[in-house]
Number of protein chains: 2
Amino acid sequence: MHAFPKSSVTVDLIVFTITDNSLKVLLIKRGIEPFKNMWALPGGFVLEDESLEDAAKRELVEETGVKDIYLEQLYTFGEPGRDPRGRVITVAYFALINSQIQKIRASTDVSEAQWYSVNKIPKLAFDHKKILDYGLQRLRWKLEYTTVGFQLLPKTFTLSQLQNIYEIILHKQLDKRNFRKKLLSLDIVEESGEFTEGVSHRPAMLYKFKKRIGEIIEIL
Amino acid sequence: MHAFPKSSVTVDLIVFTITDNSLKVLLIKRGIEPFKNMWALPGGFVLEDESLEDAAKRELVEETGVKDIYLEQLYTFGEPGRDPRGRVITVAYFALINSQIQKIRASTDVSEAQWYSVNKIPKLAFDHKKILDYGLQRLRWKLEYTTVGFQLLPKTFTLSQLQNIYEIILHKQLDKRNFRKKLLSLDIVEESGEFTEGVSHRPAMLYKFKKRIGEIIEIL
DNA sequence: CCAAAAGTGTTAGTGATACACCCATGT
DNA sequence: ACATGGGTGTATCACTAACACTTTTGG
């Protein structure tokens, strides 16, 4: 029988949002060694008495001030040598924040936090580039085959806003009529009765997601 | 800044195979406490200098004697209290073994190893029931949308054998003509030129998977 | 009246489903 | 000759993809 080796376990968060017609990821500038002053995914150690998901939620609140958002376990990275401090295993989570609530808060070991467009990611600490790429892949996949996309929108939204999210994340143009036809046939949104206001063109109907906020369904 | 708490990290394996027209999972009877003499998923502690995947492969060889089989990370379970020995985080992997090679070997802390049909699973140690259910769900999903199914077959196989695997795992009947039409249209198998022998009915063409063994492709 | 985004239908093609009979072999 | 599983084609239906003009508002 082997001894029971122990490792440090962390959670890392890939927090996505959409602003200015671009998909953004939250990065923090590390305030401590190792990789001090380098950009990294937010994250931290899992405490003794909390579950992995609780740890992810706690870090999210500590570093962004938001809670009750969509959170999903992504993958666990545990190559020996991925952290110079010794054996550290990290469980990566990905989170989606809607474009309204992004008041980022700084925490103890975070000197700075910032949204970066996924096309302009600086060099990242640890193996965070790899983790981020994996998260992006998962996001694209989930967007096509589930309703996660709604998590990036406020409670009511126009169909064009929704289509925009798809176009930005999948970076391809979609046909407006086909998009709407498909979406409406799924019977997962309903008209709110309200319209956009103050736009210098025809106002758009605001829709709402029929399902519970946070609920994701497969649309294969 | 928090202290850096340490946890034990294990890998658990969900090893599937198909025999006797039934989907089987490998279970071991625990030779040591906790849960001594209870059935559990094979697995063990991750050593200091090995990656998670290496740990999974090592355990697989130790407990089944097989290597070079399909292995995929499933999910990481880390509820506090899931192991009475203290905080233990487990990274679950799932593996598929083809029906030829299942010579199970016993290892030090394993008093017995056995294939159990997924319909007749005994009470399991720890939260292994939950882990197994998750693995089953993933297997069904992957079977429908990727080519993992081939991992359960020997190098050459008949189309009926393949269809059988689908029917067993998804537990529903499939139409023979449609199944073959779809499969052949994907252009991922080719005739080997050989036929089954010694059957008391028309011999069947043996096909082989065009891709590298172990390669999985999406067929959405 | 101009600019800007909202909204709306039809057609053609592709893939999915449903369905029944003949073939090759061993006993 | 019979039992057993192997092997094949066609018609219908549902979904996807391509495509262009009219509407409503603010300035």
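Chain identifiers are assigned alphabetically (A, B, ...) following the order of the sequence lines, protein sequences preceding nucleic acid strands; residue numbering begins at 1 within each chain.
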Query raised in the report: Quick one, which residues of residues 152-172 of chain B touch DNA chain D with a heavy atom under 4.0 Å?
Result: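 Of all residues in residues 152-172 of chain B, the ones placing a heavy atom under 4.0 Å from DNA chain D are B:Ser160.
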Query raised in the report: For residues 177-201 of chain A, which residues have at least one heavy atom under 4.0 Å from DNA chain D?
Result: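 The answer is A:Arg177, A:Asn178, A:Lys181, A:Lys182, A:Val199, A:Ser200, A:His201.
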Query - Residues that B:Phe209 engages under ring pair (Phe, Tyr, Trp, His ring centres under 6.0 Å), provided they are two or more places apart - result: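 With sequence neighbours excluded, B:Phe209 shows a ring pair (Phe, Tyr, Trp, His ring centres under 6.0 Å) to B:Phe150, given in chain and number order.
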Query raised in the report: Among all residues two or more places apart in sequence or in another chain, which pass the ring pair (Phe, Tyr, Trp, His ring centres under 6.0 Å) test with B:Tyr207?
Result: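 Expected list: none.
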Query - Side-chain donor-acceptor contact under 3.5 Å, B:Thr17 with B:Lys24 - result: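 No, because no side-chain N or O of B:Thr17 sits under 3.5 Å from a partner of the opposite role on B:Lys24.
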**Report entry** Non-neighbouring partners of A:Thr147 that pass side chain to side chain donor-acceptor pair (under 3.5 Å), sequence neighbours left out
**Finding:**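 Result, side chain to side chain donor-acceptor pair (under 3.5 Å) vs A:Thr147: none returned.
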Rounding to an integer number of Å, can you tell me how far [X] [atom1] sits from [N] [atom2]?
| X | N | atom1 | atom2 | value |
| --- | --- | --- | --- | --- |
| B:Met205 | C:dA24 | CE | C1' | 13 Å |
| B:Lys176 | C:dC23 | NZ | P | 14 Å |
| B:Gln173 | C:dT17 | CD | P | 15 Å |

Requested in this report: Taking the side chain as every heavy atom from C-beta outward, state whether A:Val88 and A:Arg82 have any pair of such atoms under 4.5 Å apart.
Outcome: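 In contact.
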Query raised in the report: Can you tell which of C:dT25, D:dG6, C:dA6 lies closest to the side chain of A:Arg202?
Result: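 From the listed options, C:dA6 comes nearest.
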**Report entry** Summary of side chain to side chain donor-acceptor pair (under 3.5 Å) pairs that have at least one residue in residues 179-206 of chain A, sequence neighbours excluded
**Finding:**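 As it turns out, the side chain to side chain donor-acceptor pair (under 3.5 Å) pairs with a partner in residues 179-206 of chain A, which skip direct neighbours, are A:Asn178-A:Lys181, A:Asp187-A:Lys210.
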Query - Salt-bridge present (B:Arg58, B:Glu50; N to O < 4.0 Å) - result: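 A salt bridge links B:Arg58 with B:Glu50.
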Query raised in the report: Ion pair present between A:Lys57 and A:Glu53, side-chain N to carboxylate O less than 4.0 angstrom?
Result: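 Looking at A:Lys57 and A:Glu53, the cut-off is met.
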